[in-house]
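Report on one structure; see the data block that follows.
Just so it is clear, the values below take in all heavy atoms, side chains as well, and ignore hydrogens, waters and symmetry mates.
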Amino acid sequence: MAALDLITVTEYKDAYNVSGTAKNGEIVAAITAASEAILAEVERELVKPGDTPATRRFELLPDRGERGTWVVDLTPYDARTITAATLHPESTAPVTLDPSQWRLTPANPRHGVYTAVELAATVNPAGDTLTRFGVCLVDLTGTWGFAEVPAAAKRACIETVRAWVRNDPQGWSHAVDDPRPEGAVIQGTRHIPMSALRLLDPLRRYTSIA
């Protein structure tokens, strides 16, 4: 199983009372492919990569928010905790921000993960990279990903894998009732079926219940 798989072979088989091992290889491959497709669809980090703190680098656009603060969008990642924030990490003089100069947002996140880091209005993003490329680099250290894969994501993965393994036509397009232009049938290309897309709606990156 791949590190970012949303479900296990056992979870898939238990959902549909599947026995035997003849299709295990196909199921494993479908689980990994479906998991990748779902993660891209919702732009979230639904799987915990580990509990060891890791540092990730982000680009901060020099645009102040409505409150005059700066916002570091964590897309496509989600943070459980952030312990350090550093401006200009690529320079010879990186600036470690005091914890009073940043906060995780939203204040009351669903699923226990944060989608952005807000920097105080007093923080100055000016630097060589901003001058040359129009962005300020920010390093954030913390723990990442959902602590547990949401039940809706697991179910969406199970339904997607089932459609693909069974060669269900609903799993070979975005489904005939999908109103989006990209919902047209593309022969030979597997997509997330509509039943799974509906399950994923509350988990999408930009919703009112992040």
Side-chain angles (χ1 to χ4, degrees), residues 1-6 32-150 153 157 182 192 200-210:
M1 302 295 289
L4 296 182
D5 284 355
L6 296 173
T32 297
S35 297
E36 291 175 353
I38 288 170
L39 293 174
E41 177 73 23
V42 300
E43 296 187 280
R44 306 297 296 268
E45 192 172 18
L46 301 176
V47 181
K48 179 172 65 173
D51 291 314
T52 302
T55 299
R56 287 173 169 170
R57 184 161 296 180
F58 299 88
E59 292 183 347
L60 171 65
L61 297 176
D63 298 320
R64 291 181 184 269
E66 295 179 357
R67 295 191 296 272
T69 57
W70 314 96
V71 177
V72 182
D73 184 353
L74 303 183
T75 304
Y77 303 115
D78 292 273
R80 281 177 286 133
T81 65
I82 294 293
T83 55
T86 304
L87 288 181
H88 317 305
E90 79 290 358
S91 73
T92 57
V95 178
T96 300
L97 298 178
D98 186 87
S100 65
Q101 294 178 291
W102 54 269
R103 74 181 187 100
L104 287 159
T105 63
N108 297 296
R110 190 174 183 180
H111 306 297
V113 292
Y114 301 89
T115 57
V117 172
E118 185 177 19
L119 307 183
T122 54
V123 171
N124 183 5
D128 185 54
T129 301
L130 180 64
T131 301
R132 290 186 295 158
F133 301 107
V135 296
C136 170
L137 296 184
V138 182
D139 272 5
L140 298 174
T141 301
T143 54
W144 304 88
F146 283 48
E148 300 290 340
V149 177
C157 190
E182 64 269 27
I192 303 168
L200 295 173
D201 280 343
L203 292 170
R204 293 182 188 280
R205 186 71 181 184
Y206 297 108
T207 68
S208 60
I209 52 173

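- Between Leu200 atom CG and Ile38 atom CD1 the span is 5.5 Å, to the nearest 0.5 Å.
- Listed by chain and number, the residues in a side-chain contact (heavy atoms from CB on, under 4.5 Å) with Ala33 are Trp164, Arg190 (sequence neighbours excluded).
- Taking each heavy atom of Ala3 and Val47 in turn, the nearest pair found is O-CG1, 3.6 Å.
- Summarising the geometry, atom CZ belonging to Phe58 is positioned 11.5 Å from atom CG belonging to Leu137; distances are rounded to the nearest 0.5 Å.
- Between the CD atom in Gln101 and the OG1 atom in Thr69 there is a gap of 13.0 Å [rounded to 0.5 Å].
- With sequence neighbours left out, the side-chain contact (heavy atoms from CB on, under 4.5 Å) criterion links Ala153 to Leu46, Val149, Pro150, Leu203.
- Between the side chain of Ser35 and the backbone N or O of Leu6, at least one donor-acceptor pair lies under 3.5 Å.
- Listed by first and then second residue, the salt bridge (charged side-chain N to carboxylate O under 4.0 Å, His left out) pairs involving residues 121-134 are Asp128-Arg132 (not counting sequence neighbours).
- Nearest heavy atom pair, residue Leu60 against residue Pro125, reads CD2-CB, 4.4 Å.
- Residues that satisfy the side-chain hydrogen bond (donor to acceptor under 3.5 Å, both in side chains) test with Thr96, not counting sequence neighbours, are absent from this structure.
- The heavy-atom pair separating Trp70 from Val123 by the smallest distance is NE1-O, 2.9 Å.
- In this structure, the salt bridge (charged side-chain N to carboxylate O under 4.0 Å, His left out) partners of Glu45, at least two apart in sequence or on a different chain, are Arg56.
- The side-chain contact (heavy atoms from CB on, under 4.5 Å) test applied to Pro94 returns Thr86, Ser91, not counting sequence neighbours.
- Pairs engaging residues 80-96 under the salt bridge (charged side-chain N to carboxylate O under 4.0 Å, His left out) rule: Asp51-Arg80 [sequence neighbours left out].
- The shortest side-chain heavy-atom distance between Arg103 and Val117 does not fall under the 4.5 Å cut-off.
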Query - Pair Thr115-Arg205, side-chain hydrogen bond (donor to acceptor under 3.5 Å, both in side chains): steps then yes or no - result: CA-CA 8 Å; Thr115 57; Arg205 186 71 181 184; 5.0 Å; no
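- Salt-bridge annotation for Glu148 and Lys48: absent, with no side-chain N of the basic residue lying under 4.0 Å from a carboxylate O of the acidic one.
- Between Phe146 and His111, the ring-plane angle classifies as tilted under the 30° and 60° cut-offs.
- Between Leu119 atom CG and Leu87 atom CG the span is 6.5 Å, to the nearest 0.5 Å.
- Trp144 contributes no side-chain N or O that, together with a main-chain N or O of Pro49, makes up a donor-acceptor pair within less than 3.5 Å.
- You'll find the side chain of Ile82 reaches within 4.5 Å of the side chain of Trp102, heavy atoms only.
- Minimum heavy-atom separation, Asp139 to Pro89: OD2-CB, 3.2 Å.
- With sequence neighbours excluded, the residues that form a side-chain hydrogen bond (donor to acceptor under 3.5 Å, both in side chains) with Thr141 are Thr55.
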Requested in this report: Decide side-chain hydrogen bond (donor to acceptor under 3.5 Å, both in side chains) for Thr75 and Glu43; before the verdict, give the C-alpha distance in whole Å, the side-chain angles of both, and the deciding distance to 0.1 Å.
Outcome: CA-CA 7 Å; Thr75 304; Glu43 296 187 280; 5.5 Å; no
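- Between Cys136 atom SG and Leu61 atom CG the span is 10.0 Å, to the nearest 0.5 Å.
- Residues that satisfy the side-chain contact (heavy atoms from CB on, under 4.5 Å) test with Thr81, not counting sequence neighbours, are Thr143.
- Evaluation of the side-chain hydrogen bond (donor to acceptor under 3.5 Å, both in side chains) rule for Asp98 yields Ser100 as partners, not counting sequence neighbours.
- In this structure Thr105 satisfies the side-chain hydrogen bond (donor to acceptor under 3.5 Å, both in side chains) test with no other residue, sequence neighbours excluded.
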